Structures are given as structure tokens and as C-alpha cells.
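In this text the structure is predicted, and so the values were computed from the model without any measurement.
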Amino acid sequence: MEGSQDSSNKSKQKQNKILRFAASVITTLTLAGSIYTASANPIKKATPQEFASVPTQIQQTQPTTIQLAGVSPWGIVPIIVVGGVVIFVPLFFGGLVVIGEREVGIVIKKFTISGRGLPAGRLIAMNGEAGFQADTLAPGWHWGYWPWQYSVKKEPVVVVPQGEIALIVAEDGTHTPPERILGKVVECDNFQDARKFLTNGGEKGRQMGFLTAGTYRINTALFKIITAANASKHGMSPEHLRVYHVAGDKVGIVTTLDGLPIPGGEIAGPVIAAHDNFQNGQRFIDGGGRRGLQEQILLSGSWNLNPWFVQVEQVPMTEIPIGYVGVVISFVGKAHEDVSGAAFTHGNLVNPGHKGVWIEPLYPGKHPVNTRVMKIELVPTTNIVLNWSSRTERHNYDAKLGSLTVRSKDGFAFDLEIAQIIHVGALDAPKVISRVGSMQNLVDHVLEPTIGNYFRNSAQDYTVLDFLSARSERQAEAADYIRVALRAYDVQAIDTLIGDIQPPATLMQTQTDRKIAEEQRKTFEVQQQAQTQRQQLVRETALADIQQDMVKSEQGVKIAELKAQADIQQEAVKSEQGVKIAELKANAKVKETTGEAEAIRLRADAEAQSLRLKSLAEAEAIRATGNAKAEAYHAGVEALGSQGYTAMQLMQIIGDRHVRLIPDVLVGANNGTSNGLVDGLLSMILWNQTAKPGEIISPLQPKPPVTEPEPIQLNGNSPVVVDFPLDGNVG
């Protein structure tokens with residue numbers, strides 16, 4: 001490809017030379033013709049009127065138009081000869097070379113008189129040797145470059161557009177040292193002075209320096225220029241030849257491809273000063289820059305970077321969310337110097353910029369951090385809930401935690417769910433990370449064994465039922481112990497909560513059965529008490545009903561007695577009146593004896609009928625009263641028992657009817673003597689003396705007629721007859 005390109009460039013240069021030669025010939029002929037015409041026919045000056053009559057196009061072209069009027073064809077030949085001599089002589093014998101404004105002349109010396117050649121391994125002549133010359137030709141006329149000894153290539157100037165760079169490959173110079181891959185930067189006016197480049201020790205090959213936007217006259221025989229326009233011809237992407245941009249929310253992690261090797265034990269090169277963010281590679285090398293990953297980063301902006309020297313990887317800025325701090329663990333930096341103090345014996349803390357765990361955390365926000373040489377450990381500063389159960393929080397620290405299996409004092413194994421709330425302060429976060437390395441390690445290596453072992457040990461001092469019945473006490477004990485234990489790790493234990501307790505199923509079954517039996521016993525006691533109260537209520541109700549019936553019966557008996565007495569009195573009055581009337585009528589109507597006798601008989605029948613009906617009514621009333629008493633007796637028997645109620649009735653009847661249980665006068669033998677009659681008479685005398693005034697009781701007074709006790713019928717059963725003899729003996 002490059003050979004064909006060079007041949008095409010040479011053919012174009014030959015064509016350009018022919019065209020330039022033809023233009024020179026025409027110019028010479030024109031000058032000669034003008035001189036000859038001026039000598040043969042002086043030019044008459046045109047008047048303004050004549051010149052105004054010439055068309056505009058002719059006026060515009062008139063200064064460049066040659067008028068050969070009046071010249072014979074044979075007169076042109078001398079002109080051509082003279083013009084050729086004028087052109088050929090300066091070109092051939094004077095070595096004239098004309099370089100345009102936007103050109104640069106590359107001089108090639110074909111031979112030398114002395115025959116001196118270039119040193120071995122050199123391409124550019126510095127001391128007049130044959131070959132490509134170090135010095136180039138600037139725009140203008142240059143003499144002495146005879147065509148038989150020199151060949152001048154006119155190359156266009158190098159133009160680097162805005163937003164791009166151009167890389168340089170030197171075809172000549174000293175050899176690059178083995179530890180380097182790019183040629184060092186030397187003073188050579190941005191590669192426009194090849195002599196200075198070679199004199200100052202410029203090195204062969206790819207160059208550390210590069211061209212930024214601008215126009216340059218460069219000796220292309222020494223320097224090969226790679227731009228975005230021809231990058232693909234050199235195996236590169238046009239993007240590599242453009243100014244590098246780092247986005248606003250990202251940082252550029254730099255890897256240098258040249259410099260000293262990184263020493264053992266380090267993973268990145270240290271920060272080198274005054275190299276303008278890797279834009280001046282030579283200063284980076286001179287300052288002791290290391291090849292490989294760099295500690296320094298590129299912030300947002302546009303940078304002129306040599307892609308042969310620097311590779312950049314853009315990564316997002318490190319974001320610290322709200323509620324977190326970032327603990328910086330730096331793998332690069334200054335020597336480790338512990339600043340944690342003598343009291344902190346479980347880790348080391350360093351100041352920012354040193355290797356180790358930084359004592360100052362990063363607070364919420366976005367931070368430009370080189371994540372290839374630093375690690376940011378996020379530590380929540382809000383309360384963290386850790387569950388020893390099947391539940392997992394969003395932070396996922398407790399994903400590996402499960403319910404604790406503990407064994408009680410009585411030998412039962414049961415599962416226990418725990419929830420622990422912890423808090424890590426912002427200033428304590430570096431201490432925690434320095435001690436355990438990460439929050440996950442804190443959970444796995446500190447919290448899990450501490451809390452698990454506590455509950456396994458404490459469970460052996462209590463039974464399962466103790467945990468069930470005294471759960472709050474066990475929880476308070478655990479909170480106090482864990483609070484002290486975690487404080488030694490710079491972690492605050494906010495609270496310890498005992499969740500679900502899952503005792504053995506067999507134990508819970510016995511407890512359940514016992515509880516059910518106890519509740520059933522209480523239920524039976526309550527039911528028994530209710531039945532007892534119900535019986536008491538029924539008994540009291542029955543007694544109240546019996547008392548009410550007794551009152552009604554007594555009132556009914558009294559009413560019946562009063563009615564009977566009233567009827568008897570009424571009949572007695574009527575009888576007395578009837579007798580009087582009968583006597584009066586008998587005296588008045590003696591003669592009507594038969595009629596009156598009949599009237600008396602009829603009246604007697606009527607009275608007998610009336611008495612009979614009254615007797616029936618009284619008997620019915622007495623029967624109803626007896627039935628009521630029988631029902632009352634039956635209710636009393638049910639309420640008090642047959643014996644108790646019978647005794648109560650006996651006493652009531654004895655009291656109501658004034659029955660004497662002991663005879664007033666007892667006559668009998670006394671120790672076999674016959675003084676009983678005398679004693680009886682004396683008793684009767686004393687009895688009469690103690691009687692009420694006007695009342696005489698004779699021992700010979702006949703006894704009142706003894707009425708048969710009325711049968712008492714109880715609730716429709718057979719009548720019960722109670723016989724109380726009045727002779728003083730109770731049978």
C-alpha cells in the first residue's frame with residue numbers, strides 16, 4: 001500500500017513539474033513577445049472613451065491577454081528560443097526551486113563529489129551525505145538545487161484539526177532503550193526541525209510527543225504522521241486520535257504503557273507531579289513514573305493524551321447513599337502509619353493518602369475514587385435489624401442466619417427466633433472495618449457466634465416453660481449481656497427481641513391437654529355452682545308458692561267460716577221472724593190451719609232444700625280447700641321431704657285446733673295406792689279456780705263432739721287422714 005502510494009505521489013510530482021515548466025515557458029514567451037512588440041510597434045495609449053467602449057469582459061481580461069497583432073509567424077520562433085533559454089538556464093544551471101505557501105520541500109541529494117555516504121543504520125543526512133536531507137525548504141525561491149544532483153519533493157503541510165491529535169513515528173534517530181517503548185521528547189520545534197531532533201538525541205520509532213491542533217511543516221522523510229484521517233492505514237481507530245473526554249459523573253482510571261516497572265509489593269504507580277494529567281509523558285517519565293496501573297485518576301474534562309502512552313477506563317464516581325458512610329481501604333499510598341492510638345488494639349487506622357484503612361470515612365455524596373486501587377466498604381449508619389429466622393431484611397446481611405436450636409434445663413430441644421437491632425456510628429465505622437473487614441464479617445464472625453452462644457448457654461439454666469412464661473425476663477437479660485458484649489467491637493446494641501418460641505410438640509400436647517382439663521374443671525365448677533344456685537332458686541320459689549297457697553287456703557277457710565256463720569245467723573233471724581209470723585198468723589188465722597200447715601210444710605221443704613244446697617256448697621268449698629292443701633302438702637314434700645313437711649303440718653294442726661297432748665287431769669295409781677281419784681278431784685277443783693270468771697268446767701261435763709278430721713288430698717293422690725285423739729294419747 002505504501003509503495004503504491006509513493007509511486008502515485010511521484011507521478012503526480014512529475015506532472016506538476018511538467019505543468020510548472022510549461023507555465024514558465026509561456027511566461028517567458030509572453031515577456032519576450034511583449035518586448036519585441038514594444039520595440040516594433042509602440043503601444044498607443046487608449047483614451048478613456050475608447051477604453052469605456054470595450055466590453056466589460058474584455059476589460060477584465062485585457063491585462064492578461066497578449067496581442068500579437070502585426071507579428072508574423074516567423075517572428076515567434078526567436079521569441080520561443082529566447083524564452084526557452086531564459087527558463088532553462090536558471091532552472092538547469094541555477095538550480096531554482098519554488099516552494100508554495102502550504103508546501104514543504106523535502107531535499108534528496110543524489111550524489112556527492114567526495115562520494116561520502118550515510119553511516120550505517122542512518123536514513124537522514126546531516127552533513128551533506130547523499131540521501132534524504134535533514135533540512136527542508138520553506139516557501140519561496142531556492143537556488144542551487146541542480147536537477148542532476150538534487151531532487152526536491154514538495155509535500156503539503158501537516159494540518160491537525162481541532163479536537164484531534166497527530167502521532168509521530170521517527171524513521172531515524174538513536175535506538176530506544178530496552179526499558180522504554182516510546183522515543184523521548186527532545187527540543188525540535190514540534191518535530192518541524194529534523195536536524196535538532198537528530199542532534200538532540202531523538203530516538204527512532206514511536207514518539208512520546210505528539211502534535212496538537214495546528215499546521216506544521218514537517219520533514220516527512222524522517223517523520224511519519226498519523227492522523228484521524230489516515231489512522232485506519234496504520235491499524236488504529238480514528239477515535240484514538242481525538243481529544244479524550246471524561247464525562248462529568250465519571251472518573252478516568254489510567255494505565256500507562258511506558259515507564260519504569262512497578263516495584264514488588266505494589267499494584268499501581270505512585271502519583272507523579274507536574275505532568276499535566278498525563279498530557280506531558282516525558283515529565284511523567286523523568287519524574288520516575290511507573291508503567292501500569294496508576295494511583296492518580298483523571299477527572300471530568302478534555303485531555304490531549306497519547307494513546308501509545310496512556311489508556312483510560314472510565315468508571316462511575318463512587319456514590320455513598322444517604323444513611324451510609326464509606327470506609328476507604330487503600331491498597332496504595334504512603335507508608336503505613338497507625339494513628340488509631342494505644343487503646344485500639346484490634347486493628348490499624350491511617351490518615352488519608354496512606355496505605356490501609358483511612359480513619360476518616362466518606363460521607364454521603366459522589367466521590368472521585370480510583371476503585372482499582374481502593375476499596376470502599378459501605379457501612380450503614382442507621383439501625384440495622386438482623387433476624388435469626390426465615391425472614392431476611394433488604395440489606396441481606398442476615399441471609400445466612402436461621403432460628404437458634406437450644407436445649408433447655410429439662411432436656412428439651414426447641415427452636416428460638418431472635419431479632420437483634422444494632423447501630424454503627426459514623427466515626428466508629430473505620431474501627432469496625434479495621435477490626436473485622438466488612439459488615440458481613442461483623443455479622444458472620446461477631447454477632448452470630450456471640451448471640452447464638454449466649455442463648456444456647458442461658459437456655460440450659462431454664463426449662464422450656466420458663467421461656468414461655470417468663471419471656472420478658474429472658475429478653476431483658478439477653479439485651480443487657482449482648483449490649484456489653486458488642487460494645488467491645490464498637491457496635492451499639494439497640495435492643496434484643498425474642499420472637500417465636502417453638503417448644504417440642506409432645507410437651508406442648510401435654511400442656512395443652514392439662515390446660516384443657518383445667519379449663520374443663522373450672523367450667524364444671526361454674527356449672528355446678530350454677531346448678532346449686534338454680535336449685536336454691538327453685539326451692540325458694542317453691543317455698544314462696546307454698547306459702548302463698550297456704551295463705552290463700554287460710555283466707556279461704558276463714559272466708560268460708562264467716563260465710564257459714566253469716567248464713568246461720570241469717571237463717572236464725574229468718575227462723576225467728578218466721579216463728580213470730582207463724583204465731584201471729586196462727587192466732588189470726590186459726591181457721592186456716594190446714595192452709596198454713598201446708599204453707600209451713602212447703603216452706604220447710606224449701607228451707608231444707610236451701611240448707612241442702614248450702615251444705616253441698618260448703619262441702620265443695622271444703623273439698624277445694626283440701627285439694628289446695630294437698631297440693632301444698634305435695635309441694636312441701638318435694639321441697640322439705642316427706643318427714644320434715646309432715647312434722648311441720650302436725651305441729652300446725654295441733655296449734656290451730658288447740659289439741660291437748662297432755663290431759664288436764666291424770667288419774668291413776670301412785671305406787672300401787674288408790675289415791676288417784678282423790679288427786680283427780682283436787683286437780684279439778686284447782687282447775688276450776690284458775691278458770692276465767694264466769695267459766696265453770698265440770699269434770700262431768702260431756703265432751704264436745706269429736707269431729708272427724710277432714711282428709712287431706714295431696715296433688716290428686718289418695719286422701720291422707722290424720723287422726724289426733726283428744727283423750728291425751730297421741731297415736
- Note on the structure: On a heavy-atom basis, the closest approach of Pro364 and Gly323 is CG-N, 4.5 Å
- Message: Under 4.0 Å between a side-chain nitrogen and a carboxylate oxygen: does that hold for Lys522 and Glu518?
- Response: yes
- Message: Measuring only between side-chain heavy atoms, which start at C-beta, is Thr496 closer than 4.5 Å to Ile418?
- Response: yes
- Query: Can you check side chain to side chain contact (heavy atoms under 4.5 Å, CB included) on Leu404 and Arg456, steps first, answer last?
  - Reply: CA-CA 8 Å; Leu404 298 176; Arg456 291 186 184 95; 3.8 Å; yes
- Partners meeting salt bridge (Lys or Arg N to Asp or Glu O under 4.0 Å) with Asp480 (sequence neighbours left out): Arg483
- For the pair Glu377 (side chain) and Ile433 (backbone), establish whether a donor and an acceptor sit closer than 3.5 Å, ignoring hydrogens and angles. no
- Query: Considering residues, nucleotides and ligands other than Arg521, do more than 12 of their heavy atoms fall under 6.0 Å from its CZ?
  - Reply: yes
- Query: Checking salt bridge (charged side-chain N to carboxylate O under 4.0 Å, His left out) for the pair Arg623/Glu620: CA distance, chi angles, key distance, verdict?
  - Reply: CA-CA 5 Å; Arg623 186 181 295 108; Glu620 188 65 26; 2.7 Å; yes
- Task: Would you check if the side chain of Ser610 reaches a backbone N or O of Ala606 as a donor-acceptor pair within less than 3.5 Å?
- Result: no
- Is any side-chain heavy atom of Tyr324 less than 4.5 Å from a side-chain heavy atom of Val379? no
- Message: Evaluate Tyr462 against Ser408 for side chain to side chain contact (heavy atoms under 4.5 Å, CB included), listing each step before the verdict.
- Response: CA-CA 6 Å; Tyr462 305 98; Ser408 63; over 6 Å; no
- Could you walk me through whether Val446 and Leu486 pass the side chain to side chain contact (heavy atoms under 4.5 Å, CB included) test, one step at a time? CA-CA 8 Å; Val446 176; Leu486 295 187; 4.2 Å; yes
- Query: Got a sec: does the CD of Gln528 have more than 12 other heavy atoms crowding it under 6.0 Å?
  - Reply: no
- Query: Is there a donor in the side chain of Ser340 and an acceptor in the side chain of Asp338, or the other way round, less than 3.5 Å apart?
  - Reply: yes
- Message: Would you say Ser438 and Asn441 are linked by a side-chain donor-acceptor pair, where the criterion is simply a distance under 3.5 Å?
- Response: yes
- Query: Side-chain contact, heavy-atom cut-off 4.5 Å: Gln527 with Thr523?
  - Reply: yes
- Task: Show your working on salt bridge (charged side-chain N to carboxylate O under 4.0 Å, His left out) between Arg474 and Glu477 and close with a plain yes or no.
- Result: CA-CA 5 Å; Arg474 305 290 85 77; Glu477 294 172 358; 3.2 Å; yes
- Query: Given Lys409 and Asp461, is the salt bridge (charged side-chain N to carboxylate O under 4.0 Å, His left out) satisfied, shown in steps?
  - Reply: CA-CA 5 Å; Lys409 182 178 180 180; Asp461 298 333; over 6 Å; no
- Residue pair Ala419 / Asn387: nearest heavy atoms and the distance that separates them: CB-OD1, 3.7 Å
- Task: Indicate yes or no: at least one non-hydrogen side-chain atom of Tyr397 is less than 4.5 angstrom from one of Leu386.
- Result: yes
- Whether over 12 other heavy atoms sit under 6.0 Å from Gln475 CD: yes
- Query: More than 12 foreign heavy atoms under 6.0 Å from CZ of Phe455: is that the case here?
  - Reply: yes
- Item | Exam field: side chain His395 to backbone Val385, donor-acceptor pair closer than 3.5 Å | yes
- Query: Of the non-hydrogen atoms in Arg471 and Gly499, which two are nearest, and what is the gap between them?
  - Reply: NH2-O, 2.9 Å
- Looking only at heavy atoms, what is the nearest atom pair of Val432 and Asp490, with distance? CG2-O, 3.7 Å
- Query: Strictly by modelled atom types, are Gln536 and Glu540 linked by a side-chain donor-acceptor pair under 3.5 Å?
  - Reply: yes
- Item | Heavy-atom side-chain proximity of Glu448 to Leu401 below 4.5 angstrom | yes
- Salt-bridge contact Lys614-Glu571 (side-chain N to carboxylate O under 4.0 Å): yes
- May I ask you to check whether Glu417 and Ser403 show a side-chain donor-acceptor distance below 3.5 Å? no
- Query: Is it the case that more than 12 heavy atoms not belonging to Tyr454 sit under 6.0 Å from its OH atom?
  - Reply: yes
- Task: Evaluate the criterion side chain to side chain contact (heavy atoms under 4.5 Å, CB included) for residue pair Val327 and Trp358; output intermediate values, then yes/no.
- Result: CA-CA 7 Å; Val327 178; Trp358 290 4; over 6 Å; no
- Message: Side chains of Thr392 and Asp398 only: does a donor on one sit below 3.5 Å from an acceptor on the other?
- Response: no
- Task: Please assess Gln609 against Asp605 for the test side chain to side chain donor-acceptor pair (under 3.5 Å), listing each intermediate value before the final yes or no.
- Result: CA-CA 6 Å; Gln609 185 66 22; Asp605 291 338; over 6 Å; no
- Message: Would you say that Ile320 contacts Tyr363 through its side chain, given a criterion of any heavy-atom pair below 4.5 Å between the two side chains?
- Response: no
- Counting only heavy atoms not in Leu427, do more than 12 fall under 6.0 Å of its CG? no
- Gln548 and Val551, any side-chain heavy atoms less than 4.5 Å apart: no
- When you measure from the side chain of His423 to the backbone N and O of Thr381, does any donor-acceptor pair fall under 3.5 Å? yes
- Task: Check whether any side-chain heavy atom of Ile451 lies under 4.5 Å from a side-chain heavy atom of Ile482, and answer yes or no.
- Result: yes
- Just by distance, do the side chain of Arg407 and the backbone of Asn457 share a donor-acceptor pair under 3.5 Å? no
